Number of protein chains: 2
Amino acid sequence: MIKVPRSLPDVPVPEGDTQHRILDAAHRVFMRSGTAGARMQEIAREAGVNPALLHYYFRSKARLSEAVFLRAAGQLFPAILAILNSDQSVSAKVEQVVEKELSKLSETPYLPAYILSELAHDPNRMRQLLTVVTGQHPSKAGQRLLSGLDSQLKAEARAGRLRPIAAEQFIVNLLSLCIFPFAARPMLTALFGLNDDRFSAFIAERRRSLPSFFLRALQP
Amino acid sequence: MIKVPRSLPDVPVPEGDTQHRILDAAHRVFMRSGTAGARMQEIAREAGVNPALLHYYFRSKARLSEAVFLRAAGQLFPAILAILNSDQSVSAKVEQVVEKELSKLSETPYLPAYILSELAHDPNRMRQLLTVVTGQHPSKAGQRLLSGLDSQLKAEARAGRLRPIAAEQFIVNLLSLCIFPFAARPMLTALFGLNDDRFSAFIAERRRSLPSFFLRALQP
DNA sequence: GTCTATACGGCGATAGAC
DNA sequence: GTCTATCGCCGTATAGAC
């Protein structure tokens, strides 16, 4: 068997150090196969790196998958929470969350299914998620994160501008409408017979219609 | 090592033949671990059955997991589609879907995460889902399944009783609001600090509020 | 830091007695 | 139909040269 050098001379090594390339490759592989279904060797191949290096930089598959999960969660949750806890109007928040969430998820469509699947199968992920969202203290994260929005919704209800609704229900309704179509993308494409282009059009339509749909539901 | 009989004499063997007990145990194990994460031995232990019997009744892990998936999908989708394609009013359909979906998912809370995870990780699942929903012919399933609802929504819009909305968007919005909270249950319990009781209360509140929330969003 | 070679265990699957 | 025993592979992880 003739050995062929892994990196051909005319193909320059991709930028970024080895550790970073491993992490990016792991991100893609864990994303499409899940942690249990992913293979370290597949990650190494996708990164263009010797399999032993995965253990050199990350001691084990568990640690590598944890690093991937933390990074993925970190780029999804804080941005949304920042919008919801800002001092803008409710309608502005809704529009921004829809816009931000749908554009973000259009870039990484399998992120929701991955995160939900991880949280469902591995109990450790819940704690890891909290460290991302709250920055270390896992106690009473919920109340703190929602207090701003909750008082705002109460004030709007008293003023007669909005129907009364708990902050938890508000957020879950909004995130459901934004995230579920991506988490359920394989189901929707199967049932509705969508290809990639038509799915994109489907999402574009939601970007237009969701804010008014949601805000109308809240009107008194 | 002293051997202990697997079934103690005072504990009667659970009803149902062996094959059925394996399928039920497999359902629970695949549900909480996913197909890739589940272990045949764990299923055998949970079923109280010798591990070799799993291969006697179902030739392989793949076939067993397929049987579980088909049964799970079969008890979730047809009922909803029947409601949406009936000849009732739109508001009646919405109320029934919310009621049926939320009560069903309260019994088997991890069903959504399981089905979405399976569809995301295994391409075969999409075809298997279609055989459940359409009963064999995987072509043009979407159009047929939605045609009744679509014309109804168009008629309501022409009559000025409803805002115009595509049937796909209608269904996705409705299912999002019903299913997502269960698919994202670990995330919500972590972020909001919910225990099982408070999650049940959270769902009960949605059962009351979702139909009017959804129908208000559709009003002209 | 990167490579080759290999140890080690776990898991799916089968053979064959009963 | 059910059991025990075991095979063979695959995947993680490590040892050790370079």
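Just so it is clear, the model here is predicted, and its values are computed rather than measured. Below, chains carry the letters A, B, ... as their sequence lines are ordered, and counting in each starts from 1. Both backbone and side-chain heavy atoms feed into the values below; hydrogens, waters and symmetry mates do not.
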I want to check one thing: is the phosphate of D:dT12, taken as OP1 and OP2, less than 4.0 Å away from some side-chain N or O of A:R39? yes
C:dT2, OP1 or OP2 - any side-chain N/O from A:T18 closer than 4.0 Å? yes
Proximity to the side chain of [X] - top-ranked nucleotide from [options]:
X     : options               : value
A:A52 : C:dG1, D:dA15, C:dA15 : D:dA15
A:H55 : D:dA13, C:dT14, C:dT2 : D:dA13
A:N50 : C:dT4, C:dT2, D:dA13  : C:dT4
B:L53 : C:dC3, C:dA13, D:dC3  : D:dC3

Between A:S209 and B:Q169, do the side chains contain a donor N or O and an acceptor N or O under 3.5 Å apart? no
Please check if any side-chain donor atom of A:T108 sits under 3.5 Å from a side-chain acceptor atom of A:R28, or the reverse. no
Indicate yes or no: does [X] engage [Y] in a salt bridge with an N to O separation below 4.0 Å.
X     : Y     : result
B:K93 : B:D87 : no
B:D24 : B:R71 : yes
A:E46 : A:R32 : yes

Provide, to the nearest angstrom, the distance between the [atom1] atom belonging to [X] and the [atom2] atom belonging to [N].
X     : N      : atom1 : atom2 : result
A:L64 : D:dG11 : CG    : C1'   : 15 Å
B:R45 : D:dC3  : CZ    : P     : 16 Å
A:R63 : D:dA13 : CZ    : C1'   : 14 Å
A:I22 : D:dA13 : CD1   : P     : 14 Å
A:L54 : C:dC3  : CG    : C1'   : 14 Å
B:K61 : D:dC9  : NZ    : C1'   : 15 Å
B:Q41 : D:dT4  : CD    : P     : 12 Å

Both A:M40 and B:Y56 contact DNA chain D. Which one's nearest nucleotide lies toward the 5' end? B:Y56
Identify whether any heavy atom of [X] sits under 4.0 Å from a base atom; if not, whether one sits that close to sugar-phosphate; answer base, sugar-phosphate or nothing.
X     : value
A:F58 : nothing
B:A36 : nothing
B:A62 : nothing

